[in-house]
Colleague: 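Structure below; questions to follow.
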Amino acid sequence: MDACPTCKALSVSFWRKWLSYPTLPAHCGICGSYSHAQRSSGGVGLVVAVVAITAGGFAAVAVKAAWPLLLGIGGAIAFYLWHWHHVELEALSPQAVSRARKTEVLGFVALLIAFLSN
């Protein structure tokens, strides 16, 4: 469980934190506040995954076995989960959630109009 950024209670599950974004935020069961995990990590996770999997692939070819590639994939997944465990939740106001939802609906409507106009 992760701590709510507003009341500091351990009330947000890892999976809810992982799935949170401004349109569908994590909700604290104790104080009722909204929060989300900021996803801007500068692409570190992608770089680590590419390096680990590529190195594992080269090692697998060199030793003619699959286990180095599997270790590279496992290492990339472990880093991804570790990274998400350490990302802090940021509080969101109900107004910010409402704005994000309206923006997402408007974007969906614009996409639908563009799709149907062809």
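If you're wondering where the values come from, they're calculated on a predicted model, not measured in any experiment. Count residues from 1 along the sequence.
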Colleague: Identify the two heavy atoms, one from H36 and one from S20, that lie closest to each other, and give their separation to 0.1 Å.
Modeller: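 Between these two residues, the closest heavy atoms are CA-OG, 3.4 Å.
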Colleague: Is the backbone of E88 close enough, under 3.5 Å, to the side chain of K17 for a donor and an acceptor to pair up by distance?
Modeller: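 No, the answer is negative, given that no donor and acceptor are paired below the 3.5 Å cut-off.
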Colleague: According to a 4.5 Å side-chain heavy-atom criterion applied to Ile, Leu, Val, Met, Phe, Trp and Tyr, with indirect links allowed, do V87 and W15 form part of one hydrophobic cluster?
Modeller: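 Yes, because V87 and W15 connect within a single hydrophobic cluster, where side-chain heavy atoms sit under 4.5 Å apart.
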Colleague: At their closest point, which heavy atom of C31 faces which heavy atom of T6, and how far apart are they?
Modeller: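 Reported closest heavy-atom pair: SG-CB, 4.1 Å.
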Colleague: Please test V97 against T23 for side chain to side chain contact (heavy atoms under 4.5 Å, CB included), starting from the C-alpha separation and ending with a verdict.
Modeller: CA-CA 6 Å; V97 173; T23 305; over 6 Å; no
Colleague: Would you mind reporting whether L92 and S35 have side-chain heavy atoms less than 4.5 Å apart?
Modeller: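 Not in contact.
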Colleague: For P25 and P22, work out which heavy atoms get closest and say how close.
Modeller: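 Scanning both residues, the minimum pair turns out to be CD-O, 3.6 Å.
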Colleague: Return the minimal non-hydrogen interatomic distance between D2 and F14, and the atom names on each side.
Modeller: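 Scanning both residues, the minimum pair turns out to be OD2-CA, 4.1 Å.
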Colleague: Taking the side chain from S98 and the backbone from P94, do they hold a donor-acceptor pair closer than 3.5 Å?
Modeller: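 Absent.
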Colleague: Hey, are the side chains of L24 and L19 touching, using non-hydrogen atoms and a 4.5 Å cut-off?
Modeller: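 SC-SC contact between L24 and L19 ruled out.
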Colleague: Show the nearest heavy-atom pair for residues V12 and A26, with the distance to one decimal.
Modeller: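 Heavy atoms only, the tightest pair is CG1-CB, 3.8 Å.
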Colleague: Should L116 and L111 be counted in the same cluster of Ile, Leu, Val, Met, Phe, Trp and Tyr side chains packed under 4.5 Å apart?
Modeller: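 No; L111 is not reachable from L116 via cluster members.
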Colleague: Using modelled atom types only, decide if a donor and an acceptor are shared between the side chain of S117 and the backbone of A114 within a distance under 3.5 Å.
Modeller: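 It does hold such a pair.
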Colleague: Of the non-hydrogen atoms in A37 and L89, which two are nearest, and what is the gap between them?
Modeller: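 Where A37 meets L89 most closely, the heavy atoms are N-CD2, 3.8 Å.
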Colleague: Are I77 and I53 linked, directly or through other ILVMFWY residues, by side chains that come within less than 4.5 angstrom of each other?
Modeller: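 Hydrophobic grouping puts I77 with I53.
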Colleague: Flag the pair L81 / H85 as yes when at least one side-chain heavy-atom distance between them is below 4.5 Å, and no otherwise.
Modeller: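 Heavy-atom side-chain distance check fails, nothing below 4.5 Å.
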Colleague: Within a strict 4.5 Å, meaning less than it, do heavy atoms of the V63 and P68 side chains meet?
Modeller: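 Yes, at least one pair of side-chain atoms sits under 4.5 Å.
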Colleague: Go through Y21 and E104 one step at a time and tell me if the side chain to side chain contact (heavy atoms under 4.5 Å, CB included) criterion holds.
Modeller: CA-CA 12 Å; Y21 61 102; E104 189 167 288; 3.7 Å; yes
Colleague: Look at the aromatic rings of W18 and Y80 and report parallel, tilted or perpendicular, splitting at 30° and 60°.
Modeller: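 Perpendicular.
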